[in-house]
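Here is the structure we will look at, set down as structure tokens.
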Amino acid sequence: MPESFSDILSRGSVFIDRNVMSPHYIPENLPHREKEINKIMRAVLPALKNQRPQNLFIYGKTGTGKTSSVKYVMAKFAEMKSNSAISHVNCRIYNSRYRILNKMVAEHAPKFAKPGFGISFLYEKILDWVEGDGKNFIVILDEIDMVRDLDDLVYTLTRANDDLTKGGISIIGISNRLSFKDRLDPRSRSSLLETEIVFPPYNSKQLQSILEGRVKVGFADGVVRESAINLAAAIASQETGDARYALQLLLKAGEIVDEAGGNGVEDKDVELARKSVDEDVAYDAISTLPEHQRVVLYAVASMTISGSRYQKLSDNGEGYLLSGEVYEGYLSYSRKLGKKPRSARWFRQYLSDLEMLGLITMVESGKGQRGHTRLIRIAYSPEKVKDIIEKSIA
DNA sequence: CCTCCACAGGAAGCGCAGGAGT
DNA sequence: ACTCCTGCGCTTCCTGTGGAGG
């Protein structure tokens, strides 16, 4: 006999408001980002005085509060009366100059946002609209490194300021990769990077106080042990200082406690949450894998179970696989599946992709192994990975 | 010491699908 | 709707590296 909704409802929950633990939630104040917020405010301040703000570039790893800080400042900014407009564009979705301009028009002059208009038409519509009352238009480009033709976009937007007689357009770019700067044309680089702010990762203490702040609002009084908060902070800071991950740990821990009908979040719940969150990440990564990478991973998993022909022992006694023998395995598995195997060169590329995703780890062969090869080990339990792949094929 | 083996990873080139511009 | 262009996935070819074996 399954439980009814009201059964579950009446059982109560450790949460008051789960949304508070979501990464999209913007709290009343963002601890440990005062300096950065201040810089952003100073950067956009000219718009309140009817001057064009400088372009701004914000860089920091995931979960360092870049987007939250910008959203926070922009919310405050919108409260002030000013002759300005803001567009917040997620470049992961709007990833070309055309799409971004289209989105800008759609947000502020929807009647012109029909498909089929060329770039130049959209450009002129934006100019007209900005010039109409000489406003300052701030375009926030979140995950700006995803834009394919970024040079063209930056050129178009900065060029607009020359074509405008009144008002101006400025860019706030947000990225978690610094390397994309190298791909930029020097001219667009210098105009995009007029002002630069770097968001450092949070340390354990800072994560702790962030979590405490959220727990106070999101969870019922006193249900989360302080040591559990500290543990979540410690785990997250050990990884990358990612606040998103830390919040996810506590959210999941709370869900685990709710499900078990408990009434307090303890260290062990955070430990369980960590396993589950990591597994979710692995599951997502595996199930969205291109098929040949999946076959490679499958070969690694099953060969780990059956054992390597070479079975060299590492320091903690676990076996490594050699890339050569994994290629053999990959060949036979792809043929078994009726797929034409890719070349050895591309196979190596697959391996390093899988390593990037954290699904396998590789080390250069040291002494004892013949020549120059890589020793491969799977990052998660091979049985589980095999299981996930078998299910995702069916 | 030299050569060979087994592999790493860069460079160039090719066909294809999908997007931009007309 | 139609062509042109570009990025992408992939192959082929190539050079580099370090231990094993003659």
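Lettering of chains follows the sequences in order, A, B, ..., and the numbering in each one begins at 1.
- In this structure, NZ of Lys340(A) is placed 13 Å from C1' of dG15(B), rounded to the nearest angstrom.
- At a threshold of 4.0 Å, the pair Lys252(A)-Glu255(A) counts as salt-bridged, since one of the basic side-chain nitrogens sits closer than that to a carboxylate oxygen.
- Considering only side-chain N and O atoms, Trp346(A) lies under 4.0 angstrom from the phosphate OP1 or OP2 of dC10(C).
- The separation between Lys339(A) atom NZ and dC10(C) atom P is 13 Å, rounded to whole Å.
- If you take CG of Leu321(A) and P of dC7(B), they are 13 Å apart, rounded to a whole angstrom.
- Defined by atom type and a distance below 3.5 Å, a donor-acceptor pair is present between the side-chain atoms of Gln54(A) and Thr195(A).
- If you measure from atom CZ of Phe347(A) to atom P of dA8(B), you get 8 Å, rounded to the nearest angstrom.
- As a whole-Å value, the separation of Leu101(A) CG from dG21(B) P is 10 Å.
- With respect to Glu194(A) and Arg52(A), a salt bridge is recorded, a charged nitrogen being found less than 4.0 Å from a carboxylate O.
- Listed nucleotides: dG10(B), dA20(B), dT11(C). Nearest to the side chain of Tyr98(A): dA20(B).
- Between the CG atom of Leu351(A) and the P atom of dA8(B) there is a distance of 7 Å, given to the nearest Å.
- Side chain Arg345(A) to base dG10(B): a donor-acceptor pair is found below 3.5 Å.
- Taking atom CZ on Arg374(A) and atom P on dG18(C), their separation rounds to 14 Å, with Å as the unit.
- The pair Glu107(A)-Lys103(A) counts as a salt bridge, with a side-chain nitrogen and a carboxylate oxygen less than 4.0 angstrom apart.
- Residue contacts shown for Tyr350(A) are limited to sugar-phosphate atoms, with no base heavy atom under 4.0 Å away.
- Distance, Tyr123(A) OH to dA20(B) P: 19 Å, rounded to whole Å.
- Ring geometry for Tyr202(A) against His32(A) counts as perpendicular: the plane angle is over 60°, on a 0 to 90° scale with 30° as the lower cut.
- If you check every strand for non-hydrogen atoms under 4.0 Å, Arg348(A) touches a base.
- Comparing Ser323(A) and Gln349(A) along DNA chain B, the residue whose closest nucleotide (by nearest heavy atom) sits nearer the 5' end is Ser323(A).
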